[in-house]
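Everything on this sheet refers to the single structure shown next.
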Amino acid sequence: MPEGTRVGHPVHWRCFGTGPESALLLPCALAHSGAWTGVAEALSDRLTATAPDMPGHGRSGDWDGVRDVHDLVTDIAESFLGPRTHLVGHSFGATVALRLAETYPERVATLTLIEPVLFAAARDEAPDLFEANLDAGAPAARHAANGDWDAAARAFTGRWGGGPHWTSLPDAARARMAAQMPQVLATGDVLNEDSKGLLAPDATAAVRAPVMLVRGGDSPPILGAIHRGLAARLPVVEDVVVPGAGHMVPISHPDAVASAIRSHLDRAGDLRAEAG
């Protein structure tokens with residue numbers, strides 16, 4: 001796995017595939033670049049993909065607790081962004097992918113947002129779901145305020161993890177997630193209040209790439225509201241639902257996600273051919 005310094009931060013990343021087109025894959029919080037293995041291997045004939053570990057995740061250096069998390073992750077991701085890159089993000093990584101597509105539209109060939117947790121996009125679409133989501137996140141925040149990071153991680157993963165029950169995880173995995181919680185919870189203003197202005201009309205209007213939204217059919221209802229809120233703001237949007245999947249759909253249903261991405265790339269190519 002390659003490593004180096006990006007924007008002054010130690011970063012590890014993985015490379016997948018040998019395809020003729022370039023892709024950048026951005027994982028969710030509490031995961032690492034290996035979460036993309038199933039999706040990337042299914043697209044290895046089409047894409048040469050790079051997936052960096054976020055600060056404090058995988059084998060990248062720890063977050064310093066000072067620099068804005070969303071700014072840092074976005075700057076690191078931008079350092080991997082080529083001139084015509086297929087950009088794919090999951091959950092928190094999808095909010096970073098959206099920011100990149102808004103800031104560097106000429107460098108993004110297609111944009112795939114898988115369950116982006118930009119909750120602010122649901123505020124107008126479904127205010128009841130938005131408020132309920134804030135309430136559901138309160139236990140993790142309370143535990144964090146009391147300095148109980150283990151309990152905060154348990155509460156957070158119980159809502160979004162979609163994997164083994166907390167008590168069945170190895171001690172090392174629980175300790176790692178607990179250590180990551182300060183970074184995870186530091187993104188609340190971005191996700192709930194859109195403090196980075198990702199939903200501003202001039203920001204979303206800057207996106208030039210065809211956009212695909214992907215969500216699990218069994219995911220929390222607020223994800224559907226987020227997708228509707230984004231679809232109303234972004235150009236050339238399609239919304240794909242993977243039956244039987246939850247929030248961790250790229251890991252639980254990699255073939256379905258890869259198939260959707262392949263079709264998305266095909267349609268984008270057809271659009272470019274028609275325009276050219």
Side-chain angles (χ1 to χ4, degrees), residues 2 4-9 11 13-17 19-29 33 36 39-40 43 46-55 60 67-118 120-121 187 190-191 194-214 226-227 229-238 261 264-265 267-269 271-272 275-276:
T5 300
R6 299 291 178 120
V7 297
H9 195 89
V11 177
W13 62 94
R14 297 174 195 251
C15 299
F16 299 97
E21 301 174 64
S22 297
L24 177 60
L25 312 177
L26 304 178
C28 65
S33 54
W36 289 112
V39 171
L43 292 167
R46 181 73 176 266
L47 298 177
T48 296
T50 302
D53 289 335
M54 287 193 295
S60 286
R67 187 171 179 189
D68 181 273
V69 173
H70 208 275
D71 288 348
L72 176 58
V73 176
T74 300
D75 288 347
I76 290 172
E78 185 274 329
S79 74
F80 290 95
L81 193 63
R84 292 290 296 171
T85 301
H86 297 295
L87 187 53
V88 183
H90 174 219
S91 194
F92 177 79
T95 72
V96 174
L98 175 60
R99 189 175 180 184
L100 289 174
E102 293 175 343
T103 308
Y104 308 100
E106 70 286 351
R107 295 165 64 183
V108 178
T110 65
L111 179 62
T112 299
L113 305 178
I114 304 171
E115 301 232 347
V117 287
L118 187 56
T187 63
V190 178
L191 307 183
D194 189 27
S195 61
K196 300 302 179 183
L198 303 183
L199 300 175
D202 59 338
T204 54
V207 176
R208 300 177 191 170
V211 181
M212 180 175 67
L213 304 170
V214 179
I226 293 170
H227 281 206
L230 290 175
R233 294 171 169 89
L234 294 168
V236 199
V237 173
E238 60 178 320
I261 292 173
H264 182 47
L265 269 55
R267 285 189 291 271
L271 288 173
R272 286 195 298 270

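Counting begins at 1 with the first residue of the sequence. Every value quoted in this text rests on a predicted model; they were computed, and no experiment measured them.
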Heavy-atom donor-acceptor pair, Arg107 side chain to Leu81 backbone, under 3.5 Å: yes

CA sep, side-chain torsions, deciding dist, call: Val73, Arg99, side chain to side chain contact (heavy atoms under 4.5 Å, CB included): CA-CA 11 Å; Val73 176; Arg99 189 175 180 184; over 6 Å; no

Strictly distance-based, threshold 3.5 Å: is any side-chain N or O of Thr48 a donor or acceptor partner for the main-chain N or O of Gly19? yes

Considering all heavy atoms, the nearest Arg84-Val108 contact: NH1-O, 3.8 Å

Heavy-atom side-chain proximity of Leu118 to Leu199 below 4.5 angstrom: yes

Taking it one step at a time, do Phe80 and Thr85 satisfy side chain to side chain contact (heavy atoms under 4.5 Å, CB included)? CA-CA 9 Å; Phe80 290 95; Thr85 301; over 6 Å; no

Using a 4.5 Å cut-off on heavy atoms from C-beta on, say whether the side chain of Ile226 contacts that of Pro116. yes

Any side-chain heavy atom of Leu25 within less than 4.5 Å of one from Thr50? no

Quick check against the 3.5 Å criterion: does Asp53 have a side-chain atom that pairs as donor or acceptor with the backbone of Trp13? no

Nearest 0.5 Å, please: how far is OG in Ser60 from CD1 in Ile76? 6.5 Å

Taking Arg6 for the side chain and Ser79 for the main chain, is one N or O donor matched with an acceptor at less than 3.5 Å? yes

Can you name the nearest heavy-atom pair linking Leu26 to Leu24, along with the distance? CD2-CG, 3.9 Å

Can you confirm whether Asp68 sits close enough to Lys196 that some side-chain heavy atom of one is under 4.5 Å from a side-chain heavy atom of the other? yes

Quick one: closest heavy-atom pair of Glu102 and Ala206, and the distance? O-CB, 3.5 Å

Let me confirm one number: the OG1-CG distance from Thr110 to Leu265, rounded to the nearest 0.5 Å. 4.5 Å

Do Val214 and Glu115 have side-chain heavy atoms sitting under 4.5 Å apart? no

Heavy atoms, side chains only, cut-off 4.5 Å: are Pro235 and Val207 in contact? yes

Nearest 0.5 Å please: distance from the CG atom of Leu234 over to the CG atom of Leu98. 6.0 Å

In this structure, OG1 of Thr74 is separated from OH of Tyr104 (nearest 0.5 Å) by 8.5 Å

Under the side chain to side chain donor-acceptor pair (under 3.5 Å) criterion, do His264 and Glu238 qualify, and how do the steps go? CA-CA 9 Å; His264 182 47; Glu238 60 178 320; 3.3 Å; yes

So, applying side chain to side chain donor-acceptor pair (under 3.5 Å) with His70, which one of Asp75, Thr95, Thr187 is it? Thr95

I'd like to check Phe16 versus Val39 (side-chain heavy atoms, cut-off strictly below 4.5 Å). Are they in contact? no

When you compare the side chains of Glu21 and His86, does any donor N or O come within less than 3.5 Å of an acceptor on the partner? yes

Kindly give the heavy-atom pair with the smallest separation between Arg14 and Pro2, and that separation in Å. CA-CD, 4.4 Å

Answer whether the closest heavy-atom distance between the side chains of Leu213 and Leu230 falls below 4.5 Å. yes

Write down the atom of Leu72, the atom of Pro55, and the distance for their closest heavy-atom approach. CD2-CG, 3.6 Å

Write down the atom of Ser33, the atom of Pro27, and the distance for their closest heavy-atom approach. N-CG, 4.4 Å

